[in-house]
Amino acid sequence: MPELPEVETIVTDLRPRLVGRRIASFRVGKKNLRRPWNTRWTSALRGKKIETVVRRGKWIVLRLEKGLHLVFHLGMTGQLMVVQARQPLASHTHVVADLDETDEQLHFRDIRRFGSVTFFAGEAHVNRFFHDSGLGPEPFDLEPGYWRNCLARTSRCLKAVLLDQRVLAGVGNIYADEALFEAQLHPRRLGRTVRPQEAGRLRRAVIQVLNRAIYKRGSSIRDYVGGNGDRGEYQEEFRVYSRAGAPCVRCRRPIRRIRLAGRSTYFCPSCQRNRSQFRSQESRVRSQKKSEW
DNA sequence: ATAGGCGCCTGCTGGC
DNA sequence: TGCCAGCAGGCGCCTA
């Protein structure tokens, strides 16, 4: 579910409510999440003070004293929030941490359980974890030269490149589509056919769309809520995502939905023309057949 | 190297 | 009302 803007909002909400507090006790439910929980980690966490709360891509990292780290991924339906201890436990709550000196708790809730919680005993372990997964740079730190290179040496389509967390971290299905619309590039456009000027446009579009979404506290479609439990508002600003058949805000022609990289993909066929100079044999054959008619 | 399909899960919606 | 297919902010594995 949550992409960079949603995770950023959660981290911003949680930071003032978590930093400086101690984890008095920590409980993990019986149902499996994406990664297994080692019961030894539970006792290691007891009494530890939370020092920082940061985001890396779509990951949430809690640094505790003595270099201990607690790392969350929200998958599709994950929620991480601080709630009053006395209110009844919401369904699908898999982690509860009591926060000392308050009547508050940190809850991790995840309906579909594609999310995860993992423990690391030191800074180096977390860094190695991200390094080994090949996690790419933050979009805001994306160097133009690196980005042009990534595009130039791949024959994957732009949608697939944007979704690849090893190229850049944090973009998911919504913001990939929104950024491609902003840059007026076709989602099927091949990376190696993109000109330097277009690569720059796309890089800036990604940053702009993410920043606007952060400002609106992310997009709430069904499950997403921020660290205080309230919804985002960027879903009101979607130009293409989930707008199949609705008029394009730029040209009024209907937005189309296709299946790409295994995901629903929305774009304006008129504003986002596919200008690949080197199209595949197959699509050339198709165009020829079409012109025969 | 790349696309596509599937699986991991639960819940919601729309059609019949 | 029930049933069934299809859909969903992610991601890793497999095959061709």
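On a predicted model such as this, the values are computed, not experimentally measured, just so you know. Proteins get letters first, then strands, A, B, ... in listed order; numbering begins at 1 in each. Worth knowing before you read on, the calculation uses all heavy atoms, side chains too, and leaves out hydrogens, waters and symmetry mates.
Look at the P atom in both B:dC8 and C:dC3: the space between them is 24 Å, to the nearest Å. Distance check on atom P: C:dG6 versus B:dG5 gives 14 Å, rounded to whole Å.
The nearest whole Å value for the distance from the CG atom in A:Asp164 to the P atom in B:dT2 is 10 Å. Summarising the geometry, the separation between CG on A:Asp110 and C1' on B:dG11 is reported as 13 Å, rounded to the nearest angstrom. Residue A:Leu260 contributes atom CG, which lies 8 Å from atom P of B:dA3 at whole-angstrom precision. Rounded to a whole Å, the CD1 atom of A:Ile258 is 13 Å from the P atom of B:dA3. What separates CZ of A:Arg259 from P of B:dG4 is a distance of 11 Å, to the nearest Å. C:dC7 atom P lies 17 Å from atom CD1 of A:Ile174, rounded to whole Å. As rounded to whole Å, 14 Å separates atom P of C:dA8 from atom CG of A:Asp223.
For DNA chain C, if you chain together Watson-Crick or G-U pairs that step i with j, i+1 with j-1 and so on, the runs of at least three with distances under 3.5 Å are B:2-8 with C:10-16, B:10-16 with C:2-8.
Checked by distance alone, A:Arg113 brings no side-chain donor or acceptor within 3.5 Å of a matching partner on the base of B:dC9. For A:Arg156 against B:dA3, a side-chain-to-base donor-acceptor contact under 3.5 Å is absent.
Residues A:Trp37 and A:Val117 have side chains in contact (heavy-atom distance under 4.5 Å, counting atoms from C-beta outward).
Between A:Tyr266 and A:Tyr241, the ring planes are perpendicular. Angles over 60° get that label, and only those under 30° would be called parallel. Ring orientation note: the planes of A:His94 and A:His92 are tilted relative to one another, at an angle of 30° to 60°.
The salt bridge (charged side-chain N to carboxylate O under 4.0 Å, His left out) contacts involving residues 104-118 of chain A comprise A:Arg17-A:Glu104, A:Arg21-A:Glu104, where partners must be two or more places apart or lie in separate chains.
For the salt bridge (charged side-chain N to carboxylate O under 4.0 Å, His left out) test, no residue two or more places apart in sequence or in another chain qualifies with A:Arg273. Partners of A:Arg212 under the salt bridge (charged side-chain N to carboxylate O under 4.0 Å, His left out) rule, at least two apart in sequence or in another chain, are A:Glu182.
A:Ser155 has no side-chain polar atom (N or O) that falls below the 4.0 Å cut-off from OP1 or OP2 of B:dA1. Within the structure, every side-chain polar atom (N or O) of A:Arg222 is placed at least 4.0 Å from both OP1 and OP2 of B:dG11. At least one side-chain nitrogen or oxygen of A:Ser264 sits closer than 4.0 Å to the OP1 or OP2 atom of C:dA8. Within the structure, a side-chain polar atom (N or O) of A:Arg257 is placed less than 4.0 Å from OP1 or OP2 of C:dC7. Distances shorter than 4.0 Å separate none of the side-chain N or O atoms of A:Thr77 from OP1 or OP2 on B:dC9.
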If a protein heavy atom is under 4.0 Å from the base, mark B; if only from the sugar-phosphate, S; if neither, -; do that for nucleotides 11-16 of chain C going 5' to 3'. BS----

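Base engagement by A:Ile221 is indicated by at least one non-hydrogen atom pair under 4.0 Å involving a base atom. Among the protein residues, A:Arg188 comes within range of no part of the nucleic acid, since none of its heavy atoms lies under 4.0 Å from any strand. Backbone-only engagement by A:Gly172 is indicated by non-hydrogen atom pairs under 4.0 Å involving sugar-phosphate atoms exclusively.
Taking every heavy atom of residues 231-243 of chain A and every atom of DNA chain C, pairs under 4.0 Å involve A:Tyr241, by number.
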For A:Arg55 and A:Glu8: C-alpha separation, side-chain torsions, deciding distance, then whether salt bridge (Lys or Arg N to Asp or Glu O under 4.0 Å) applies. CA-CA 6 Å; A:Arg55 177 190 62 73; A:Glu8 180 67 26; 2.6 Å; yes

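A 6.0 Å sphere centred on CD of A:Glu143 holds no more than 12 heavy atoms belonging to other residues, nucleotides or ligands.
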